Protein chains: 2
Amino acid sequence: MTNIKVIAKMAGVSVTTVSRVLNNHKYVAEEKRAIVQKIIDEMNYTPNKNAIDLIRGETRMIGVIIPYNNNQAFDQMLHGVLNQSVERDYSITVLPTKYNKDKEIEYLSMLKNKLLDGIIITSRTNNWESILPYTNYGSVVSCEYTDHQEIGCSYIDRYASYLDTFQYLKDKGHSKVAFTTVRGMESMSTKQLMAAYKEVFGELQSEFYLSDCSRFEDGYNAGKKLLSLKKRPTAIYANGDEVAGGMYQYAQSINMRVPDDIAILGQENQPIGVGMGISSVDHQLIKVGEQAFDLVINKSRQKIQIPYRIIERSSI
Amino acid sequence: MTNIKVIAKMAGVSVTTVSRVLNNHKYVAEEKRAIVQKIIDEMNYTPNKNAIDLIRGETRMIGVIIPYNNNQAFDQMLHGVLNQSVERDYSITVLPTKYNKDKEIEYLSMLKNKLLDGIIITSRTNNWESILPYTNYGSVVSCEYTDHQEIGCSYIDRYASYLDTFQYLKDKGHSKVAFTTVRGMESMSTKQLMAAYKEVFGELQSEFYLSDCSRFEDGYNAGKKLLSLKKRPTAIYANGDEVAGGMYQYAQSINMRVPDDIAILGQENQPIGVGMGISSVDHQLIKVGEQAFDLVINKSRQKIQIPYRIIERSSI
DNA sequence: ATGAAAGCGCTAACAC
DNA sequence: GTGTTAGCGCTTTCAT
């Protein structure tokens, strides 16, 4: 292992001097700097960043906690983070939890371990009380709103969005609308969705709600269930355009017309949505990710709301 | 900062003993082990992994070099890597290069810097000769085939795939086929694509080839160009289902029927493809990523080929 | 069984 | 300007 000591010996100077040329310090004789640099180049030497981090207590590395690594919504946020990190010269470490509480905490403790300067939580399974202690070791920002002031937030106002969306559907003349989600009632956003539904349409009949939908196939199956109901919905609000696409395809397979027989609304403005002409409410998750990144590296605890928008296409 | 020293003092033992209980060493009196563990729990102490890495010279962290962070193909490989990393308890750092040579080398030198145990290169811009030296510092595996035996490879036989695909198209009666790519002739796979085309159809007329296609919109525009040709193609082989989807939509917008008026073949079996019924040649990039991960962590230099398959739907 | 002490590779006072 | 030295937080001989 060729380390700073070796270079120092070869150059006939002290490690300090080598360290100085490495870090572009002033007060190094041009002559010595030249010879040191020459040895460095010859030996093709690069400092051990691990040792540097150990001393500095900083890593320029940000972690992104993500439940699944194959979910469009989380992917979009991750992309936003990645976009910014490239500009700002930070590295990003992806931390997939599968909503495992211990795993999540293990990742959080990477802050304590000085492995990460900050963490972005796109979605969590532990309660905030368990997470809060880690804010002492590094910046943690959430992509979901929380009151806790030690947590910075880059979030969307999901409740408002859901309210708007259901109202939009109601205005279009729909009163029997069904919807799908990824997770069940353990998820904050599912709860908000439920609440918004109730606000607009009143009590929800349970057959109109389906969880565990992530991909196209899930949408297809959900479509089958929903459209087989004796009292079937006139509109479906899917949690993602991929899921919506699956529903769309099932509808077509049984010769139902969209939007005449069944209206379909997706989320997140995914490619499949533009391809199939599915209306979508875009929560601009990429922007959420970009903003979250800015917050972490600035160790900011601001609460920043990212606007959503409904993109009208022909499925509704 | 509560470190091992503090714990040692509080427990009234030496740092060595603390280190031993931390690492589950034998030869620690059950009594002492208990008291040390108690303090550790009370103090909510976790060791500084950075310091541990420094000594061990290992990080359990793998880097994935990716040109863009918003390209379906690279995303799929990344997902494959992520899938495996969760199982094996490794962290993954995403290293986006935008095909910048210096950035790419900078990332490679993270191996030397002891920041990464290994690196997976999904696509590169430097030549292998520049990359080879870094194999001395850690395992580097490529998702593209190379003869260099210091590089492990998890790859697809692109040339064979392209040959098969074009032959498939020819068998379907197409002789005028156009195609698109992300990058131009600087890319290895574009070169192979060209060669395969020539092999099957003979000389390529330049209007039948378009580069810089990544997303749906690119496909739409490519479709417009290709279908506006006086001598237009009867089939298009798109570099991805998203791009294919854009072409499909343009075709529909001018009332051309798919596949009767124009046949469209995509790649990578993306959701939009199943949604729109686009035939696709699936290179199983997720598997490529999974296999690549296995290779890095085993420091294997094997060359493993992942099979591709043509998925027939209705666009051809 | 347990602890003292010597590093891992580097930075940052502090002295000269 | 340059070098000596004391750490950063931990592991690992080597004694005891």
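Note on naming: letters A, B, ... go to the chains in the order of the sequence lines (proteins, then strands), and numbering restarts at 1 for each one. The model shown is predicted, which means the values in this text are computed figures rather than measured ones.
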Check the distance between [N]'s [atom2] and [X]'s [atom1] and give it to me in whole angstrom.
X       : N      : atom1 : atom2 : value
A:Leu54 : C:dT11 : CG    : P     : 11 Å
A:Lys9  : C:dC10 : NZ    : P     : 14 Å
B:Asp53 : C:dC10 : CG    : P     : 15 Å
B:Met43 : D:dG9  : CE    : P     : 14 Å
A:His25 : D:dT2  : NE2   : C1'   : 13 Å
B:Asn50 : D:dG9  : CG    : P     : 11 Å
B:Lys5  : D:dG7  : NZ    : P     : 8 Å
A:Glu58 : C:dC10 : CD    : P     : 18 Å

Return no unless some side-chain N or O of [X] is found under 4.0 Å from OP1 or OP2 of [N].
X       : N      : result
B:Thr16 : C:dG3  : no
A:Lys32 : D:dG3  : yes
B:Tyr27 : D:dT12 : no
B:Asn48 : D:dG9  : no
B:Tyr45 : D:dG9  : no
A:Thr17 : D:dG3  : yes

Exercise. Crowded around A:Gln305 CD? As in, over 12 foreign heavy atoms under 6.0 Å?
Worked result: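 Atom CD in A:Gln305 is packed in, count exceeds 12.
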For this session: Identify, between B:Arg20 and B:Pro47, the residue whose nearest nucleotide on DNA chain D lies closer to the 5' end.
Result: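 Comparing both residues, the 5'-ward one is B:Pro47.
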Base, sugar-phosphate alone, or nothing: which one does [X] contact when heavy atoms must sit under 4.0 Å apart?
X       : value
B:Ser19 : base
A:Asn23 : sugar-phosphate
B:Ile52 : sugar-phosphate

Problem set entry | Parallel, tilted or perpendicular, as decided by the 30° and 60° cut-offs, for the rings of B:Tyr68 and B:Phe74 |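 Tilted, since the angle between the ring planes falls between 30° and 60°.
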Exercise. Taking for each residue the nucleotide of DNA chain C bearing the nearest heavy atom, is the 5' side occupied by B:Ser14 or by A:Ile55?
Worked result: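 The answer here is B:Ser14.
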Problem set entry | Within 45° cone and under 6.0 Å: B:Arg183 NZ/CZ vs B:Tyr99 ring |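 B:Arg183 over B:Tyr99 ring: yes.
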Problem set entry | Name of the residue among A:Glu186, A:Glu104, A:Glu144 meeting salt bridge (charged side-chain N to carboxylate O under 4.0 Å, His left out) with A:Arg124 |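 Among the candidates, only A:Glu144 passes.
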Problem set entry | Of the listed nucleotides D:dG3, C:dG9, D:dT11, the one nearest the side chain of B:Val15 |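 Of all the options, the side chain of B:Val15 is nearest to D:dT11.
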Exercise. Charged N to carboxylate O under 4.0 angstrom, A:Arg88 versus A:Glu290?
Worked result: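 Judged by the 4.0 Å cut-off on N to carboxylate O distance, A:Arg88 and A:Glu290 do not form a salt bridge.
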